[in-house]
Structures are given as structure tokens and as C-alpha cells.
Amino acid sequence: INRNTGSGNFAFRFSSYGDDMQIYMSNCTAYTDGVEAVFLGSNGNDMNGIIKNTLSIAPNNNDFILMGSGTLTLYNSASADATAGSYGGSGNQTNRTFTFIDEANNDFHLADSDIGAKNLGTNLSSDAVIPFSTDIDGAGRVAGRAWDIGADEAPVQMYYSVGTNTGNLELGSGTVTITNGNTATFSVAQADNIGVGDKITYNTNVVAYIKGRTSSKVYAVQTATGGALANGGAWTVDSIMRAFNSLVASDSGSSNGSHLNTTNLVANNYWLNLACYKDGVDTYATSTTNTWFGYHASASNMIKIYAPTESSEVGTSQRHTGAAGTGYRYAPSNSESTAQSSLIMSSCPIWIEGIEIDGANWTSKTGIAAISLYYGFDPRGGSPSAVSVVKDCIIHGLHTPAGSGSQGIQAIGHGTRGTLKILNNIIYDFSAPTTGWAEVHGVVIALPEPGAVYVYNNTVYNIHADNATSGRVY
């Protein structure tokens, strides 16, 4: 990716003043506010360029240009003006509008909503000159999927729902029609609590997962691995179900053969969204650490555990309203005495947003944390440059009768881990009523090389050890 903001500058300039020159350029993103974005020029000799899968934007001039003698051939490249179609080649896109994650701040990762470059490239994994199969972040450009144009391969956004309702959520006994491989239109309007991640079974044994909502009848859908569905219908709807009935089940189940079939989100270029619904209290637990998200993840290929709120996701918000008991509530029940347990543990980059974690049912532990972020322990080699986020959560009711105490959010381990953001959380009612040493904290950061850590706009209340050894907000 090359963005050049100088008024007289190019993003990519190739100039020859002597012998003939051959240029090969693949899967680059060029953006300049100056002159041409991709410039090839010769002076008395031939300049020959072959450009593939390259995205080019020069608002004030030409996106692609060849000056002097020679040839320029473009394949599956895209321009915001007409120049991608001005030279030889095939599969090129002209006069396109591109959507990036944060163009104003020079983040030129393609947004999930982009239609200018996504899925419009050609597979170069067996290219005769420059074969490759990853993007600028090291994420996989996966065989069997259409490649994106430009330096970034946008991750496949996968959604699986988590909710305690084990029944069929379908309203009525209707049909569904699939169009464009990704749009499901129901004959009967569905309930407002149906949304992203829910599993639709139709035509006896065909399964689709919701990835977006247009209305109570129209939803965006995909296969369990993000692929397109066969068009057709109207087919009988057999059921609409939650994908998983507990957060624990989603931890192990998301990577099984019926879902992603991998724990490597980077190589397979997935962003895993676990959408949590307020069907009822999620109390399912294991004996020690309740959930351990140990995926190979990165800043561009994360796990996000969250409660959906937008009408493009679900008909009615599943997030709490700032008070306990008003949204998705995770309150696992366990009374074993095993030490050092966590309700949610992650050894990979993770995003946790808008859920309630209630520790009242997790008793008789000698050490307990609501959320533990373990740095440097990723058994599958997670990226050290990732961003982990905990935001808009309610965390409360952690009590331990003996041992090392209670922690709300803790980041511990070794090694630099990039950026950690803890914001807009309400954390309260922790205690360790012991007669010996104990520590009770709302937030703990214990990293030798923490990178950038941001902790702001949190409310922390009633954090104490009864013996007054230690009771701290941070």
C-alpha cells in the first residue's frame, strides 16, 4: 500500500532512461493526492508493464498512465477513473468507488461493505512470475474464494449465534427463496429476536447462517464457511435455531467440522463473530476455566463476542441498557475448588463488547477472573501486533472465599502484545473474605512489554478484601 500526499508526487513511479525495462506489479493499493497514482514512463526506450489485481486512486490526475514508448497491460485491476480500461488486458474495473476501513486515517483495509474491489481479482497463487497466496497482513488469500483487488484481502465475516433458546424460532410455516447466492427472502415475517448468526435449515437439509438483516423477511445469508448458497425456491423452512446454546459450546464448536473446520483464522482469513442473544441466563460451565479462546488470530482476523444492537443485525437490541439483567447475561455455575479460574480466557486477540458477566454462581474458587487475556501464550502463534478490546460490558459478583482473590479484567503474561483497550465498562461487587493474603482488582495489567494500553471511561465500585490486605480499582 502506498499513499503519497505530496502535490507533485506519485504513489508508484517507474521511469527508464536507458535500456528497456519490464515491470511486474501485483496486488498493490496506490493512492495519491498528487499526480498519477501508478506512472510508467520511458525516454527513448521501451517501458513494458504487466499489472495485476492492483487498485489505483489519484483524485487529481490519472490512476494509471504510460508515457513514452512501450506497453502497459492490466489484468483484474481497478481504478476510480477510466484509466484501468485504457490499456490492454482483461477483467479490469473502471470508475469504481472503493470503501476502506478508515480512509481518513490511512487505513486502507477494504471494508466488508466494499463493492469496488472485493472478489474482483484473479487468483495469483500459481502466477508464473510472482506466485503468492497471502495479503499485506499475512492473511490467506484462500483457494476456492475470489481474490480481492489491492493489497488487502478482506476477511470473511463469519457469524454464529449464542443463545439459551433450544427451540425453533421460526414464525409461521413458510418458505424461503435464495437469490444472488446470499439473500434469503421469507414468505412469513420473522420475529425481531432473529438475527446474525442464527442457523436456517430449509429444503430438508440445506443450512444457511444469517450475516445481515434488511427486514423481518429479508436477510443476508452464507454457508457455514462463508460461501454462496444455491439460488432457488421457494423452499420449505424447516427451522431457525441458535447456532450454539452456550458461550462454552461456541468456544469449541466454532472450529469443528460443521462450522469453520479450523482454529487458524489468519491462514483461512476469517473474522469470527459470536453474536449473543438475551434468551435467558447462560449458566453452562466446565470444571475450571470456562471458555478458552485459543485460536490463531491477528488484528485483522479476530474473535468478537458481542450482543448485536443494530437493525442491520437483529430486529431488537440484545445488549443491556446499562443495568444488570437487561441483555445477554453470562453467569456460569460451578462450585469446584480448582485454583485460578476464568470465566472467559483468551490467548489470542479478542474483542468483547456489550455483554454482562455475572460471577455470583462461580463459587469456592481460590482465584477467579471474569476476563483473562493471556499474552505470549498463544499455542497457535497469534500475532503480537494485534488489538484486544473489552468495552461496554457489565462485570460483577466475583467472590472467592480463599486464596488470591478476584479480578474483573486481567491482562497478564509475557511479551509485547500490541494495543489493549478497556473502555466504558461497569465493574462492581468483588470480594475476597479471607484471613490471609488476598488481592481484589477491577482491572489488572501485568505485562513486561504491554505495548499501548488504554483504560478509560470505566466505572469501578465496591472492590474489596474483607481483611483489608488489598482492594483496588486498578
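What you are looking at is a predicted structure, and each value in this text was computed from that prediction instead of being measured.
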With heavy-atom distances below 4.5 Å as the criterion, would you say the side chains of [X] and [Y] are in contact?
{"X": "His296", "Y": "Leu265", "result": "no"}
{"X": "Tyr202", "Y": "Ile178", "result": "yes"}
{"X": "Ile303", "Y": "Pro349", "result": "no"}
{"X": "Ile305", "Y": "Ile355", "result": "yes"}
{"X": "Asn458", "Y": "Val443", "result": "no"}
{"X": "Val281", "Y": "Thr164", "result": "no"}
{"X": "Ile445", "Y": "Ile422", "result": "yes"}
{"X": "Ile130", "Y": "Leu124", "result": "no"}

For Ile395 and Ile409, what are the C-alpha separation, side-chain angles and deciding distance, and is it a side-chain contact (heavy atoms from CB on, under 4.5 Å)? CA-CA 9 Å; Ile395 302 171; Ile409 303 168; 3.7 Å; yes
So, for [X] and [Y], which heavy atoms are closest and what is the spacing to 0.1 Å?
{"X": "Gly197", "Y": "Ala243", "value": "O-CB, 3.6 Å"}
{"X": "Gly354", "Y": "His320", "value": "O-CD2, 3.5 Å"}
{"X": "Ala224", "Y": "Leu260", "value": "O-CD2, 4.1 Å"}
{"X": "Gly212", "Y": "Val196", "value": "N-CG1, 3.7 Å"}
{"X": "Ser26", "Y": "Thr54", "value": "C-OG1, 4.0 Å"}
{"X": "Ser77", "Y": "Ile149", "value": "C-CD1, 4.2 Å"}

Looking only at side-chain N and O atoms, does [Y] offer a donor or acceptor that is under 3.5 Å from a partner on [X]?
{"X": "Gln157", "Y": "Asn273", "result": "yes"}
{"X": "Ser239", "Y": "Glu170", "result": "no"}
{"X": "His396", "Y": "Asn462", "result": "no"}
{"X": "Asn53", "Y": "Asn27", "result": "yes"}
{"X": "Asp198", "Y": "Ser161", "result": "yes"}
{"X": "Asp137", "Y": "Ser300", "result": "yes"}
{"X": "Thr262", "Y": "Asn264", "result": "no"}

State whether the number of non-hydrogen atoms from other residues, nucleotides or ligands found under 6.0 Å of Lys391 atom NZ is greater than 12.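 For Lys391, atom NZ is crowded (more than 12 foreign heavy atoms under 6.0 Å).
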Does Trp271 have more than 12 heavy atoms from other residues, nucleotides or ligands lying within 6.0 Å of its CH2?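 It does: Trp271 CH2 has more than 12 such atoms within range.
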To the nearest 0.5 Å, what is the distance between [atom1] ([X]) and [atom2] ([Y])?
{"X": "Asn256", "Y": "Ser254", "atom1": "CG", "atom2": "OG", "result": "7.5 Å"}
{"X": "Leu55", "Y": "Thr29", "atom1": "CG", "atom2": "OG1", "result": "5.0 Å"}
{"X": "Asn193", "Y": "Arg242", "atom1": "CG", "atom2": "CZ", "result": "5.0 Å"}
{"X": "Ser56", "Y": "Ile51", "atom1": "OG", "atom2": "CD1", "result": "8.0 Å"}
{"X": "Asn245", "Y": "Asn165", "atom1": "CG", "atom2": "CG", "result": "7.5 Å"}
{"X": "Leu423", "Y": "Glu353", "atom1": "CG", "atom2": "CD", "result": "8.5 Å"}

Give me the ring orientation class for Tyr456 and Tyr454: parallel if the planes are under 30° apart, tilted from 30 to 60°, perpendicular past 60°.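 It falls in the perpendicular class, over 60°.
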Less than 6.0 Å separating the ring centroids of [X] and [Y]?
{"X": "Tyr160", "Y": "His259", "answer": "yes"}
{"X": "Phe108", "Y": "Tyr31", "answer": "yes"}
{"X": "Trp147", "Y": "Phe132", "answer": "yes"}
{"X": "Tyr306", "Y": "Tyr328", "answer": "no"}

Between [X] (side chain) and [Y] (backbone), is there a donor-acceptor pair under 3.5 Å?
{"X": "Tyr209", "Y": "Thr225", "value": "no"}
{"X": "Gln318", "Y": "Lys278", "value": "yes"}
{"X": "Asp63", "Y": "Val38", "value": "no"}

side-chain hydrogen bond (donor to acceptor under 3.5 Å, both in side chains) with Lys52: which of Asp127, Asn76, Thr122?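 Going through the options one by one, the only one that passes is Asp127.
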With side-chain contact (heavy atoms from CB on, under 4.5 Å) as the test, would you mind laying out the steps for Thr223 and Val207 before giving the verdict? CA-CA 7 Å; Thr223 68; Val207 173; over 6 Å; no
Going by an N to O cut-off under 4.0 Å, is there a salt bridge joining [X] and [Y]?
{"X": "Arg329", "Y": "Asp358", "result": "yes"}
{"X": "Asp148", "Y": "Arg141", "result": "no"}
{"X": "Arg213", "Y": "Glu313", "result": "no"}
{"X": "Lys118", "Y": "Glu153", "result": "no"}

Among Asp152, Asp114, Asp107, find the one that has a side chain to side chain contact (heavy atoms under 4.5 Å, CB included) with Ile101.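 Going through Asp152, Asp114, Asp107 one by one, the side chain to side chain contact (heavy atoms under 4.5 Å, CB included) with Ile101 is satisfied by Asp107 alone.
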Ile240 and Phe186: CA distance, side-chain angles, deciding distance, side-chain contact (heavy atoms from CB on, under 4.5 Å) verdict: CA-CA 12 Å; Ile240 303 175; Phe186 290 88; 4.0 Å; yes
Would Ile394 and Ile357 count as a side-chain contact (heavy atoms from CB on, under 4.5 Å) here? Give the steps. CA-CA 6 Å; Ile394 299 174; Ile357 302 175; over 6 Å; no
